[in-house]
Amino acid sequence: MIKKPTLLFCVFLFLSFQGFTQSSIKKLLKEYNNESIPYISIDSLLTKTNVVLLDTREEVEFNTSHIKGAICVGYDFFNLDTVTTHIKDKSTEIIVYCSIGIRSEDIGEKLTAAGYTNVKNLYGGIFEWKNKNNPVYTTDNIETNNIHTHSKDWSKLVTKAVKIY
């Protein structure tokens with residue numbers, strides 16, 4: 001049986017860590033993004049039905065897991081032709097995402113420069129998506145608990161997944 005003070009301390013640590021993660025993502029986004037692409041919250045995305053999700057992480061990250069229905073467009077080797085092949089209507093609502101939302105802003109800027117008019121950046125990316133207990137899938141469309149995190153440092157931002165790097 002866990003004593004009440006021990007339980008309270010454990011709850012305090014858990015909640016502190018959760019806050020650390022959310023504030024760390026917020027801090028990183030403030031530091032690296034200029035908000036040129038408007039954010040969309042996870043809660044708002046969950047209410048959408050007719051959007052195109054573009055995963056702007058690298059293929060190895062996408063293959064580990066991604067949000068269901070997303071198209072992998074990559075970052076280092078991003079090719080606009082991949083998008084124009086899939087999305088002809090430039091007014092289509094496009095949600096770009098990456099690990100937390102930094103790389104996806106860059107790709108969102110490229111899409112906007114190419115004439116796409118309804119591009120949004122998923123705030124907190126796939127890390128926050130998974131931290132809020134939303135499902136992610138393998139390339140075989142099987143739900144998984146794995147998230148590719150790049151490194152031990154970045155893995156600190158993920159609280160509710162198996163961390164792969």
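What you see is a predicted model, and the numbers here were worked out from it, not measured in a lab.
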Over all heavy atoms of both residues, which pair between F127 and T149 is shortest? Give the atoms and the distance, please.
CZ-CA, 3.8 Å

Counting only pairs under 3.5 Å, give me each side-chain donor-acceptor contact of residues 65-73, with atom names and distances, residues two or more places apart or in other chains.
from, atom 1, to, atom 2, distance (Å)
S65, OG, N146, O, 2.6
H66, ND1, F62, O, 3.0
H66, ND1, Y137, O, 3.2

Side chain proximity check, Y123 to I40, heavy atoms < 4.5 angstrom
no

Working to the nearest 0.5 Å, report the span between CD of E59 and CG of D76.
12.5 Å

Can you find a heavy atom in the side chain of W154 that is under 4.5 Å from one in the side chain of L28?
yes

So which atom in T144 and which in T64 form the shortest heavy-atom distance, rounded to 0.1 Å?
CG2-O, 3.8 Å

Start with the C-alpha distance between K160 and N145, add both sets of side-chain angles, then the distance that settles side chain to side chain donor-acceptor pair (under 3.5 Å), and finish with yes or no.
CA-CA 8 Å; K160 296 188 177 175; N145 200 33; over 6 Å; no

Evaluate the side-chain proximity of N79 to T82: yes if any heavy-atom separation is below 4.5 Å, no if none is.
yes

Verify same cluster id: Y116, L53 (apolar side-chain graph, 4.5 Å):
no

side-chain hydrogen bond (donor to acceptor under 3.5 Å, both in side chains): which pairs involve residues 91-104, sequence neighbours left out?
K48-E93, D55-Y97, E61-R103, D89-S91, E93-K120, S99-R103, R103-H150, S104-N121

Spacing of CD1 belonging to I126 relative to CD1 belonging to I42, to within rounding of 0.5 Å
10.0 Å

Using a 4.5 Å cut-off on heavy atoms from C-beta on, say whether the side chain of V136 contacts that of E143.
no

According to a 4.5 Å side-chain heavy-atom criterion applied to Ile, Leu, Val, Met, Phe, Trp and Tyr, with indirect links allowed, do V51 and V96 form part of one hydrophobic cluster?
no

Closest approach of A114 and L80, non-hydrogen atoms and distance?
CB-CD2, 3.4 Å

Donor-acceptor contacts under 3.5 Å from residues 106-113 side chains, at least two apart:
from, atom 1, to, atom 2, distance (Å)
D106, OD2, Y75, OH, 2.5
E109, OE2, S36, OG, 2.5
T112, OG1, G108, O, 3.0

Can you tell if the side chain of T85 reaches within under 4.5 Å of the side chain of V83, non-hydrogen atoms only?
no

Show the nearest heavy-atom pair for residues I147 and A161, with the distance to one decimal.
CG1-CB, 3.5 Å

What is the distance from atom CG of L122 to atom CD1 of I95, rounded to the nearest 0.5 Å?
7.5 Å

Quick check: closest heavy atoms across V119 and I37, and the distance to 0.1 Å?
O-CG2, 3.6 Å

Between I94 and N118, is a side-chain contact (heavy atoms from CB on, under 4.5 Å) present by the stated rule, with each step listed?
CA-CA 6 Å; I94 299 170; N118 197 3; over 6 Å; no

Residue pair K163 / K152, side-chain heavy-atom distance below 4.5 Å:
no

What's the shortest heavy-atom distance between G101 and N33, and which atoms?
O-ND2, 2.9 Å

Can you measure from NZ (K156) to CD1 (I25) and round to the nearest 0.5 angstrom?
14.0 Å

To the closest 0.5 Å, what do you measure between CD1 (I100) and OH (Y32)?
9.0 Å

State the CG-CG distance between N134 and L45, to the nearest 0.5 angstrom.
8.5 Å

